[in-house]
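Shown next, in C-alpha cells, is the structure this report addresses.
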Amino acid sequence: MKTGMGWFIRAATACSLGLALIQSTGALAQENPTGEEGAGEEALELERFSVTGYHLKRTDLEGPAPVMVFTRDDLEQSGVNTLNDFFRYLPQNLGNESEDLSQYGAAAGAASINLRGIGVDATLTLIDGFRITPYGNYGSNVDPYVDINSIPITAIERIEILKDGASAIYGADAIDGVVNIILRKNYTGLEVSAGYLTTTEGDGEEWNVDLLWGWQNDSTNVMFSLSYFDKDPVMARDRSFARDVDFSDQGGPNYRAWNSSPTSRLRYDNFLEGVDEDCGVDPEVTSVVVDPFFGAYCAYNFAHVTALTNDSETFGGTFSLEHAFSNQVRFFADLFYNQRDNISTIAPAPIVGGALFPSFFGGPYVPASHPNNPDGVDLELAYRAVDTGNRITENESDTYRFVTGLEGNTSHWDWKASLLASRSNIDAIRRNGVYNSRLQLGLVGQGGDSGNLWYNPFGADLGNSPEILDWITDDLSLGSKTTEWAADLEASTWFGSLPGGDIGMAIGAQFRHQEIDQYADEALQNGEIAGGASSSAIDSDRDVFSAFAEFNLPLHATLEAQLAVRYEDYSDFGSSTNPKVAMKWQPLASLALRGSWGTSFKPPSFRELYDPDTLDSGFYTDVERCEFTGAREACQWSQYNRISRGNPDLQPEDGSSTFFGVIWSPDFWPGFSFEVDYWKFEHEERIILLNPQVILDAKGNEGILRGPQTPEDIELGAPGRIVLVERTFRNSDELQTSGLD
C-alpha cells in the first residue's frame with residue numbers, strides 16, 4: 001500500500017473515527033421512560049456488562065459517565081499499524097509523547113496518550129481494566145506514561161475512553177480521563193494476517209505479521225496472539241519539507257545551528273569572528289550566515305543527517321485463559337509481553353564549553369600553536385565533531401504484565417479478587433558519545449593515551465587519526481526499570497428499590513507497590529558527554545493502599561445518579577479522599593443530558609522528587625543584565641552551566657473536574673447522533689518544570705545564581721553575571737483548562 005497521498009489517508013482516518021464517535025455516542029439506552037409507543041410491551045431482562053468508568057456492571061453503555069468507544073472494525077478500517085497512528089487523529093489527544101516527535105533517547109519508538117493536553121502523567125491507561133506499569137523511560141524530567149505502541153493492534157477488541165476525571169473510580173492518576181484497551185477474548189479458530197506499507201519515495205517500509213488462535217468449550221476459553229512489526233527509517237534529507245531547517249527563502253527563520261563543521265571561530269587578539277573557508281562548499285550541509293548581532297558564522301543543517309522516523313522492530317504477544325469451575329466461580333489469567341529494538345539517529349555532537357579560557361562563543365579553545373590553526377592566534381570555536389559520527393541510541397525494551405484471579409457470585413454479590421505483576425525495562429547504548437574534556441585536550445595537543453596527540457577541527461577534510469577519535473569517543477550504557485505489583489478485591493450487589501429500579505453498590509480495596517531503578521554511566525550522570533541530555537541514577541519505591549465505594553441510584557425512570565468515593569494512602573505522601581458525583585437525565589428516548597463533578601489528588605513522581613544533581617549546560621539570554629550593560633554576552637543567546645535536580649519538597653497536586661453533555665438522536669433520522677460536551681479541569685499546586693528563560697524574561701532570580709557585581713556593574717545598576725542556572729520542579733499556583741467536544 002502506498003502512502004504518498006498522506007492527506008487522503010489522514011482525512012479518511014479522521015472521518016472513520018468521527019463516524020465511530022457518532023455510532024458509539026448514539027447507542028442510548030434502549031429503555032422507554034416516557035410512555036411512548038411500545039411502552040406496553042414486556043420488558044426484557046438485560047445482561048449486565050463491564051463499562052469503563054464504573055465498578056458496577058451496567059445494562060447499557062450510555063450512563064452518567066461520558067464514555068467514547070472505538071470497535072475492532074474502527075481499528076481495521078483506519079488502516080493503522082500502531083496505536084500511536086490511531087490516536088494521533090483523536091481530537092482529545094493533545095501534546096502526547098509520540099514516536100515521531102521523540103526521535104532520540106528512551107522515548108524513541110514509544111508513544112503515550114495525553115487527554116486534554118494536561119500532561120501524559122494525568123491520563124490513566126488500562127488494559128482490560130487493569131493497570132500496566134509506566135514505560136521504563138530513562139533520563140531526567142520525564143513524566144511517567146504507558147507506551148501504547150507496545151500493545152499490538154491485532155490483539156485489541158475495542159477501546160473505551162472515559163472523558164472526565166475518574167480519580168474517585170480508579171485512583172489518583174486518572175486526573176483527566178481513562179483509556180481502557182480491551183483485548184480480544186472468546187475467539188475460536190485461527191487467524192493469520194500480514195501487511196506491507198511503504199511510501200511513494202520507496203523508504204520507510206513497514207511489515208507486520210499477526211497470528212491469533214483461540215479455542216473454547218462449555219467451561220474453558222483459551223486464546224493467544226503473536227504480533228511482529230518492522231519499520232525502516234525515513235531520513236529528513238529525503239523529504240523536500242524536512243531536508244533543510246533554513247526557511248529564510250520562505251520568509252521564515254533560519255534554524256541552522258551555529259555549532260558547525262567547518263568551523264566558526266573567534267580570534268582572541270581582536271575578538272573578530274571568522275568563518276572557515278570550506279564553509280558552504282556543500283550548501284546542503286553548511287552555509288555562511290551574517291547576523292547583525294552575532295556577526296558571520298558557519299551554519300550547519302543538522303536535518304541532513306537526522307532521521308524523521310526510527311528503525312524499529314517489535315515482537316509481542318498475549319495469552320488469556322478462562323475456566324469456569326462452576327456457575328458461581330471462574331478463574332482467569334492474562335499475560336501480555338512486548339519486546340522492541342529501536343535505533344534512533346541524530347546529528348553529530350555539538351562541542352561546547354571551553355575548559356581552559358573564558359568563553360565567548362561557549363565553544364572549545366584552540367591555541368595559536370595548533371599545527372592546523374589557520375589564523376596563528378588563540379581561537380575559540382563554534383564546532384561540531386562530524387568525524388566522530390552521528391549520535392546513535394540503541395534501545396532494547398521489554399514490557400510484561402501478568403494478571404490472575406478469581407471472580408464469581410455468592411448470595412447476590414458479584415466479587416473479584418486479582419493479583420497483578422508488571423514490569424517495563426529498557427537497556428540502551430549511546431554510540432559515538434564525545435567527551436568535551438577529552439576533545440579539548442586534543443585541541444591543545446594533549447590527547448590520546450600518550451597525552452601528545454592533536455585533534456584537527458579545521459576544514460572540510462579533518463583527517464584525524466583513528467587513535468584520537470577512539471580516545472575522545474565512547475559508547476555509554478544507561479537504562480531504567482519500572483515495576484508495579486497490585487492486589488485487588490472488589491464486590492458489588494443490587495438491593496432495595498428506588499422509583500427507577502434497584503440500587504447498585506460496589507465496594508473494594510487495592511494495594512499497590514511501585515518501584516523505579518534507573519542507572520547510567522558516570523559520564524552521562526555528570527554531563528561530560530557533549531550534546532546529550534544528562535541521565536541520572538534513581539532507586540526508589542512507594543506503597544499505595546486504597547479503598548473505594550460506588551453507588552448507582554435510579555432516582556426515576558428518567559434520572560440516574562452515580563456516587564463514588566475513593567480513599568488513598570501513600571507511604572510517602574499521606575492520604576487523600578476524592579469524591580465524584582455524576583447524573584444522567586433522559587427525558588426522551590432521543591435526548592439525554594448528563595454531568596459530573598469530582599476531585600483528584602496526585603503525588604509527585606519519583607523523578608520529580610529524587611532526580612539527583614545533574615550538571616550540563618543550557619543556552620539563555622540574560623535580559624536584565626542586557627538592559628543595563630548592552631554587553632554581547634548578556635544580550636545574545638549564551639551558554640551557562642546548569643544543574644538539573646528533583647525537588648523533595650514538592651507537594652501533591654489537588655484538582656477538580658466538571659463535565660456537562662447533551663446527546664440527541666432524533667427519531668426522524670435513524671443512525672444520526674449529535675453530542676456536545678463541555679469540560680473543565682482545575683488544578684492547584686500543579687507540578688511544573690521551571691523554565692529558566694521565562695524567569696530571566698520576567699527579570700526574576702528563582703534558580704538563577706549570579707556572581708558579585710563589578711564596580712562597573714554597580715555604577716550601571718546591573719546585576720552580576722550568571723554563574724549557574726538551576727532547573728528543577730516546583731508547585732505552581734493554579735492550572736485551568738476547559739473546552740467543548
Side-chain angles (χ1 to χ4, degrees), residues 55 112 121 123-138 142-148 150-151 166-167 169-174 178-181 183 316-321 331-339 397-407 415-427 479-491 507-519 537-548 566-576 601-610 652:
H55 289 297
S112 67
D121 58 336
T123 299
L124 177 61
T125 303
L126 305 173
I127 299 179
D128 289 332
F130 292 96
R131 290 171 175 267
I132 182 170
T133 192
Y135 180 56
N137 211 341
Y138 54 74
V142 179
D143 290 327
Y145 62 86
V146 171
D147 175 19
I148 58 174
S150 67
I151 306 170
S167 292
I169 307 294
Y170 294 106
D173 38 5
V178 177
V179 175
N180 190 10
I181 299 167
L183 302 183
T318 64
F319 173 82
S320 67
L321 169 65
F331 168 81
F332 63 91
D334 293 289
L335 176 65
F336 166 85
Y337 176 77
N338 178 268
Q339 192 268 331
S397 64
D398 60 84
T399 301
Y400 78 81
R401 193 202 64 161
F402 177 69
V403 179
T404 187
L406 295 170
E407 64 179 351
W415 54 268
K416 180 189 289 186
S418 62
L419 297 173
L420 175 147
S422 183
R423 175 172 292 174
S424 177
N425 185 74
I426 298 179
D427 292 306
S480 181
K481 178 173 65 179
T482 59
T483 305
E484 181 150 345
W485 306 86
D488 287 85
L489 179 63
E490 62 180 81
I507 56 175
Q510 180 186 72
F511 174 80
R512 290 188 287 137
H513 178 76
Q514 300 175 322
E515 298 178 5
I516 183 172
D517 183 8
Q518 180 174 293
Y519 72 91
I538 305 174
D539 185 2
S540 190
D541 61 70
R542 66 167 46 128
D543 295 327
V544 186
F545 171 78
S546 60
F548 61 84
R566 189 181 187 96
Y567 167 84
E568 289 189 300
D569 183 75
Y570 283 76
S571 58
D572 51 354
F573 273 96
S575 61
S576 175
F601 166 89
K602 179 183 174 295
S605 69
F606 291 127
R607 290 189 174 96
E608 290 168 341
L609 288 168
Y610 305 126

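Positions are given from 1 along the sequence. Because the structure is a prediction, the values reported are computed rather than measured. Heavy-atom basis, side chains included; hydrogens, waters and symmetry copies ignored.
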Nearest 0.5 Å please: distance from the [atom1] atom of [X] over to the [atom2] atom of [Y].
| X | Y | atom1 | atom2 | result |
| --- | --- | --- | --- | --- |
| R131 | Q510 | CZ | CD | 5.5 Å |
| Q518 | I538 | CD | CD1 | 4.5 Å |
| I148 | S112 | CD1 | OG | 6.5 Å |
| I516 | E484 | CD1 | CD | 12.5 Å |
| E490 | W415 | CD | CH2 | 11.5 Å |
| K416 | F332 | NZ | CZ | 5.0 Å |

Is there a side chain to side chain contact (heavy atoms under 4.5 Å, CB included) between I127 and L183? Walk through the geometry before answering. CA-CA 7 Å; I127 299 179; L183 302 183; 3.7 Å; yes
Work out which heavy atom in [X] is nearest to a heavy atom in [Y]; give both atom names and the distance.
| X | Y | result |
| --- | --- | --- |
| D334 | S320 | OD1-CB, 3.0 Å |
| A333 | T404 | CB-OG1, 3.9 Å |
| T482 | P134 | OG1-O, 2.5 Å |
| I132 | T125 | CG2-O, 4.2 Å |
| A172 | P603 | CB-CD, 4.3 Å |
| D569 | S575 | OD1-CB, 3.5 Å |

Side chain to side chain, [X] and [Y], heavy atoms closer than 4.5 Å:
| X | Y | result |
| --- | --- | --- |
| D539 | Y519 | no |
| L126 | Y170 | yes |
| F130 | R401 | yes |
| Y337 | D398 | yes |

Side chain to side chain contact (heavy atoms under 4.5 Å, CB included) between L321 and F331, intermediate numbers included: CA-CA 8 Å; L321 169 65; F331 168 81; 4.0 Å; yes
Quick check on W485: does its CH2 atom have over 12 non-hydrogen neighbours (other residues, nucleotides or ligands) under 6.0 Å away? no
Looking at [X] and [Y], would you say the former's side chain and the latter's main chain have a donor-acceptor pair under 3.5 Å?
| X | Y | value |
| --- | --- | --- |
| S422 | T133 | yes |
| H55 | I507 | no |
| D427 | G479 | no |
| R423 | T483 | no |

State whether Y570 and R542 meet the cation-pi test: NZ (Lys) or CZ (Arg) under 6.0 Å from the six-membered ring centroid, and within 45° of the perpendicular axis.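 Because its charged atom misses either the 6.0 Å distance or the 45° angle limit, R542 does not stack over Y570.
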Evaluate the criterion side chain to side chain contact (heavy atoms under 4.5 Å, CB included) for residue pair F336 and T399; output intermediate values, then yes/no. CA-CA 8 Å; F336 166 85; T399 301; 4.3 Å; yes
Anything under 30° is parallel, anything over 60° is perpendicular, the rest tilted; go ahead and classify Y135 against Y145.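 Tilted: the ring planes of Y135 and Y145 meet at 30° to 60°.
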